[in-house]
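For reference, the structure discussed in these notes is given below.
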Amino acid sequence: MELTVYRQSSKTRPDGTVVYKGEDAQPYVDGSLIMAADGLGGAAAIRHTKVREELFDEEKLIPALFGGVLENVSDEAFSDYVRRSFFELRAVKDIYSSNVNNIKKSGYFASRIVTAIVLHEVRTNDKLKPEELFGRLGKEKDEKKREEFLSALGGWFRDTIKEKLTLAAKNANLVYESAYTGLALLGTTLCAAVYRENKGSVEAIYITAGDSRPYVWSEDRGLCQLIADEERADGGMTNYIRADEGSDFTIRCTYESFEKPCVLFNASDGCFDSGAFLSPMAFEKLLLDTAAESADTTEMSQKLTDFFLEYGR
């Protein structure tokens, strides 16, 4: 079963042009990867006016962003995802600079570039394929060795994302364009899971930064959040991906194993912090109620999409 729900707020201008707002990346799911990312609209509120024109062209987008950054970008799933990720940019191609509200913030570009990098690495790097990744982890019987393996994997993802995000930003001319200091250049969260389905269980390695959440719904755990948000008591994040020179962030890699039957999914705070909910647990109740009321995943997806079109943040 694969189900995605994506709600992008929009505004129709007097001339009929639809302008899309928001920084969340398109969610992604396939037989080995689940991914969500929330670009920071506040902390990364730099509006990019000097972005390369090729990014508005569907055919020139990938080489403009990732030329000299990623090898073998011909993978169909990767190229399709990247093109879909930037549809909002193409919608304002001819009016991008005419109104400040049309100009995309740094978080918009960040979430899309980072998820593209992770997708590319997982699909093209043999060491990240589930059979190889979980095979190597399974050979480490000592708990300390397993922790060291996961820590090293997180460090590798951090270094790879930092390097390639910086290079892609240079390609696209995504530079610091703000009179205010302290904003994040290309700031985003990341919540990804590389998983493998076994006969009676599912294994997952979570790759996370920030406050986007991984969830599981299973018989023994119920429906619950798996990894705590990286944030302070006042809601400010203590860790997130960014491309500022001299800045740092961490990527956590966490191993989990679940008995079947189970459902794994990731969500940004645009879902669980919706203004329609008194608390994030109301988000979990919505999912359970919608599942119970739906005949199949198609109906469930449509009902959730309709809900978040009205109440999503």
Side-chain angles (χ1 to χ4, degrees), residues 2-9 21-30 33-45 81 85 105-119 121-122 153-154 157-158 160-162 165 184 186-195 204-217 223-232 234-243 249-256 263-277 279-284 286-287 304-305 308 311-313:
E2 294 178 5
L3 180 158
T4 60
V5 175
Y6 181 61
R7 179 262 191 191
Q8 183 66 290
S9 59
K21 301 177 289 182
E23 283 79 44
D24 283 30
Q26 292 254 355
Y28 181 87
V29 60
D30 63 21
L33 179 65
I34 309 166
M35 191 161 51
D38 177 9
L40 307 183
Y81 176 74
S85 291
K105 295 180 181 179
S106 210
Y108 171 89
F109 293 98
S111 64
R112 285 152 179 78
I113 295 171
V114 168
T115 50
I117 291 169
V118 174
L119 176 60
E121 293 301 321
V122 171
L153 183 64
F157 269 110
R158 183 266 173 205
T160 299
I161 290 171
K162 179 78 171 182
L165 177 60
L186 299 174
T188 184
T189 70
L190 173 66
C191 186
V194 177
Y195 71 96
I205 292 178
Y206 287 92
I207 306 154
T208 60
D211 65 354
S212 292
R213 295 179 178 176
Y215 289 85
V216 64
W217 180 16
L223 174 56
C224 66
Q225 177 183 349
L226 287 166
I227 298 172
D229 300 343
E230 295 184 297
E231 65 179 19
R232 302 185 300 268
D234 63 3
M237 270 187 288
T238 57
N239 179 52
Y240 56 87
I241 295 167
R242 56 195 297 173
F249 60 87
T250 59
I251 299 291
R252 284 192 295 179
C253 284
T254 309
Y255 173 80
E256 295 279 357
V263 176
L264 309 182
F265 64 96
N266 301 342
S268 74
D269 64 4
C271 292
F272 55 79
D273 274 351
S274 166
F277 302 142
S279 78
M281 288 189 69
F283 165 62
E284 298 169 22
L286 169 72
L287 297 176
L304 290 173
T305 298
F308 286 111
Y311 297 110
R313 187 174 63 79

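Counting from 1, the numbers follow the sequence of the chain as shown.
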### Query
How many angstroms lie between atom OH of Tyr28 and atom OG1 of Thr4, to the nearest 0.5 angstrom?
11.0 Å

## Note on the structure
Tyr195 and Asp30 have their tightest heavy-atom pair at OH-O, 2.6 Å

### Message
Give me the atom names and distance for the closest heavy-atom approach of Ala267 to Phe272.
### Response
O-CE2, 3.6 Å

### Query
Hey, does the Lys NZ or Arg CZ of Arg112 hover above the aromatic six-ring of Tyr108, less than 6.0 Å from the centre and inside 45° of the axis?
yes

### Message
If I take atom SG from residue Cys253 and atom OH from residue Tyr206, how far apart are they, to the nearest 0.5 angstrom?
### Response
12.5 Å

### Query
Do Phe265 and Leu287 come within less than 4.5 Å of each other through their side chains, counting heavy atoms only?
yes

### Task
Would you give the length of the straight line joining atom CG of Asp24 to atom SG of Cys271, rounded to the nearest 0.5 angstrom?
7.5 Å

### Query
Any donor-acceptor pair under 3.5 Å linking the side chain of Tyr81 with the backbone of Thr115?
no

### Query
Are the side chains of Leu286 and Phe308 in touch, meaning some heavy atoms are under 4.5 Å apart?
yes

### Message
Give me the atom names and distance for the closest heavy-atom approach of Val118 to Ile161.
### Response
CG2-CD1, 4.1 Å

### Task
Kindly indicate whether a cation-pi arrangement holds for Arg158 with Phe249, taking the cut-offs as under 6.0 Å to the six-membered ring centre and within 45° of the axis.
yes

#### Entry: CZ on Phe157 to CD1 on Ile117, rounded to 0.5 Å
11.0 Å

### Task
Please examine the side chains of Ile227 and Arg252, heavy atoms only from C-beta on, and report whether any two atoms are closer than 4.5 Å.
yes

### Task
Start with the C-alpha gap between Val216 and Glu256, add the side-chain angles, then the distance that decides, and say whether side-chain contact (heavy atoms from CB on, under 4.5 Å) holds.
CA-CA 10 Å; Val216 64; Glu256 295 279 357; over 6 Å; no

### Query
Could you state the interatomic distance from CZ (Arg242) to NZ (Lys162), rounded to the nearest 0.5 Å?
8.0 Å

### Message
What I'd like to find out is whether the side chain of Met35 reaches to under 4.5 Å of the side chain of Val122, using heavy atoms alone.
### Response
no

### Spatial distance of atom CD (Glu230) from atom OG1 (Thr189) [nearest 0.5 Å]
10.0 Å

### Task
Return the minimal non-hydrogen interatomic distance between Asp234 and Gly236, and the atom names on each side.
OD1-N, 3.0 Å

### Summary
Between Ser268 and the options Cys191, Pro27, Ser212, Ser111, the side-chain contact (heavy atoms from CB on, under 4.5 Å) test singles out Ser212

### Query
Which residue, Asp211, Asp229, Thr250, forms the side chain to side chain donor-acceptor pair (under 3.5 Å) with Asn239?
Thr250

